[in-house]
2 protein chains.
Amino acid sequence: MTAERKSEPAYPVPGLERGIRILQMFNAGRRSIAPPEIARELGLPRTTVYRLVQALEHLGLLERLEGGSSFRPGLAILSLGFECLASLDISELGRPVLDELSDQTGLASHLVLRDGVDVVVVQKAQGKSPFASALQIGTRLPVHGTVLGRMSLIDMPKDELDQLFDNQDMSAFTEQTPRTVDALAAMLVLDAKRGYAVSDSFFEQGISTIAAPVRDQSGLSVGAVNVTLRGAPSSDPAFDALVDQVVKAGTALSRSLRYQRAFTREPMPHAG
Amino acid sequence: MTAERKSEPAYPVPGLERGIRILQMFNAGRRSIAPPEIARELGLPRTTVYRLVQALEHLGLLERLEGGSSFRPGLAILSLGFECLASLDISELGRPVLDELSDQTGLASHLVLRDGVDVVVVQKAQGKSPFASALQIGTRLPVHGTVLGRMSLIDMPKDELDQLFDNQDMSAFTEQTPRTVDALAAMLVLDAKRGYAVSDSFFEQGISTIAAPVRDQSGLSVGAVNVTLRGAPSSDPAFDALVDQVVKAGTALSRSLRYQRAFTREPMPHAG
DNA sequence: GATCACAGTTTCAAATATGGAACAGCAGCG
DNA sequence: CGCTGCTGTTCCATATTTGAAACTGTGATC
């Protein structure tokens, strides 16, 4: 599911990798898991799973569903550098921009960053929109199958694209999903020229999206911002205004990012 | 730093535990760490640390600061069941309540849940307050040294308190911090009677807090809600109104929690 | 320029975690 | 009722990870 980095792990730490894989099994639709499921899905010996689960529980990363032997994520998850990610420059600086975007449009807005062949939701705002956002912080979406993903890719040279999707499956979600890197690249050319992208119920049915790129200090797109709305955006009378607002939010975010990232080196050299 | 669970791990998975400890070294004031620091602080062999760090990088949990060999948390952190925690009942349901509280008071507000001898910030709202909240989601605060913590404890029987703090150090942050369980218990009696707690620059200098308990379906306090303000709250002319609003938010959150948790068992039994 | 301290990497024997096998407890089913 | 399949747990030999030692490179200090 999650993008694999390079192919070979160099030096293995199986205990660690497996424990992490267990935690990664949880998502918005999967809030509790029992050990046998883990063993089956990860292809691990039962004994090992019980040990891992015990260790994770001991660390507070898993909590036993009362009574039973199923587990859900524990609060200690939030101690895993998340506090750090939450204060991540772009995420923190992005907040006001997203808030304003949502306020002005009355729509839910999201900021995503690309991570391999996924984009990850790192910040969102809901404003006073009647419909809550469908995306949670931390949600991952396939980069090739969403406008948010495509906006994150528009500055990537073709050879890097090839490399990125080498051996990656490009499952089709709808008929419009590109199934080859070439098809994707063709879409990206258009996307780049346009400077924004619109999906009529592209990834999720009934939810449409208008997205614009977010660039870092090097001027290359590293993520995207969007608003989500019900129904077909192109039929919305305020469509052009909407696009304009999203694009503006994108450039505002890019500016924050450019400004900030230069100082990301060693904000607080630990005083040994 | 983080609360240890039970004393003995039963069955060890050193690789996992150590990897997790590395990730836990990051916090709001510690955004990047170099391997030698890790080795020193965790008391691990250098070789081992390099291997662990490599494994974590491979998993996308750490990112190499460009050029150097220091690391910061990677976006894959957000795949560790965090999406699940983000949609955690109380956290999700708490949002509107916090938003309203911040809107009405113009102050930053926070929702914390108790986890061992810490409380963890699981949700926050800033409203249009001129000063941003000092607390990040995921931040842990010592339960005995903060009003948020004390509000989370007010329903705990003395013997459980003793057990909880058995072998836990109760460092003093200010002169008012209770240094023994007995002293804490005495404060809690008063806190419980009052139904809220106020700190004049208690934990952090210059920042004051008004907190109220949040109870689960069993009627016992499991967390707390607060607003933070600059200066001394007791001198604020709207003090009584503020307290009232915070307490109301607390009971509103308690209601959501009571309502929701009953269904937390197996929301989506995986269709193996 | 020589010396020292530290960062980063590789090797390999030794210590350790791992997982197969075996057992008990339960539920469903013929 | 006994059989079968699944879960949870314990034990122990073995295969694996681990970490001391050794080596290189770099930068500070004398």
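Quick note on labels: first sequence line is chain A, next is B, and so on, each numbered from 1. These figures come from a predicted structure and were not determined experimentally.
A distance of 9.5 Å separates CG of A:L188 from CG of A:D155, quoted to the nearest 0.5 Å. Note: A:I77 CD1 to B:I20 CD1 = 8.0 Å, rounded to the nearest 0.5 Å.
B:V181 places a side-chain heavy atom less than 4.5 Å from the side chain of B:M170.
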> Is there a salt bridge (charged side-chain N to carboxylate O under 4.0 Å, His left out) between A:R51 and A:E57 once you walk through the steps?
Replying inline: CA-CA 10 Å; A:R51 228 199 325 261; A:E57 184 185 15; over 6 Å; no

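On the nucleic acid side, DNA chain D has its first and last nucleotide under 4.0 Å of a heavy atom of chain A at D:dT7 to D:dT17, going 5' to 3'.
What separates CD of B:Q54 from P of C:dT9 is a distance of 7 Å, to the nearest Å. For the pair B:R51 CZ and C:dA17 P, the interatomic distance rounds to 14 Å; values are reported in whole Å. Following rounding to the nearest Å, B:I38 (CD1) and C:dC6 (C1') show an atom-to-atom distance of 16 Å. Atom P of nucleotide C:dA17 and atom CG of A:L44 are separated by 18 Å, given to the nearest angstrom.
For B:R95, the salt bridge (Lys or Arg N to Asp or Glu O under 4.0 Å) partners two or more places apart in sequence, or in a different chain, are B:D99.
Residue A:V13 forms a side-chain contact (heavy atoms from CB on, under 4.5 Å) with just one option from B:V53, B:L52, B:L56, and that option is B:L52.
OP1 and OP2 of C:dT18 both lie 4.0 Å or more from every side-chain N or O belonging to A:T48.
Between B:R21 and B:E41 there is no salt bridge, since no side-chain N of the basic residue sits under 4.0 Å from a carboxylate O of the acidic one. Salt bridge annotation for B:D118-B:R114: absent, with no cationic side-chain nitrogen under 4.0 angstrom from a carboxylate oxygen.
Each of A:Y50 and B:G15 was matched to the nucleotide of DNA chain D holding its nearest heavy atom; the match closer to the 5' end belongs to A:Y50. Toward the 5' end of DNA chain C, the nearer of the two residues A:L52 and B:P35, judged by each one's closest nucleotide, is B:P35.
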Do any N or O atoms of the protein come closer than 3.5 Å to N or O atoms of nucleotides 20-29 of chain C, and which pairs are they?
from: C:dG20; atom 1: O6; to: A:T47; atom 2: OG1; distance (Å): 3.4

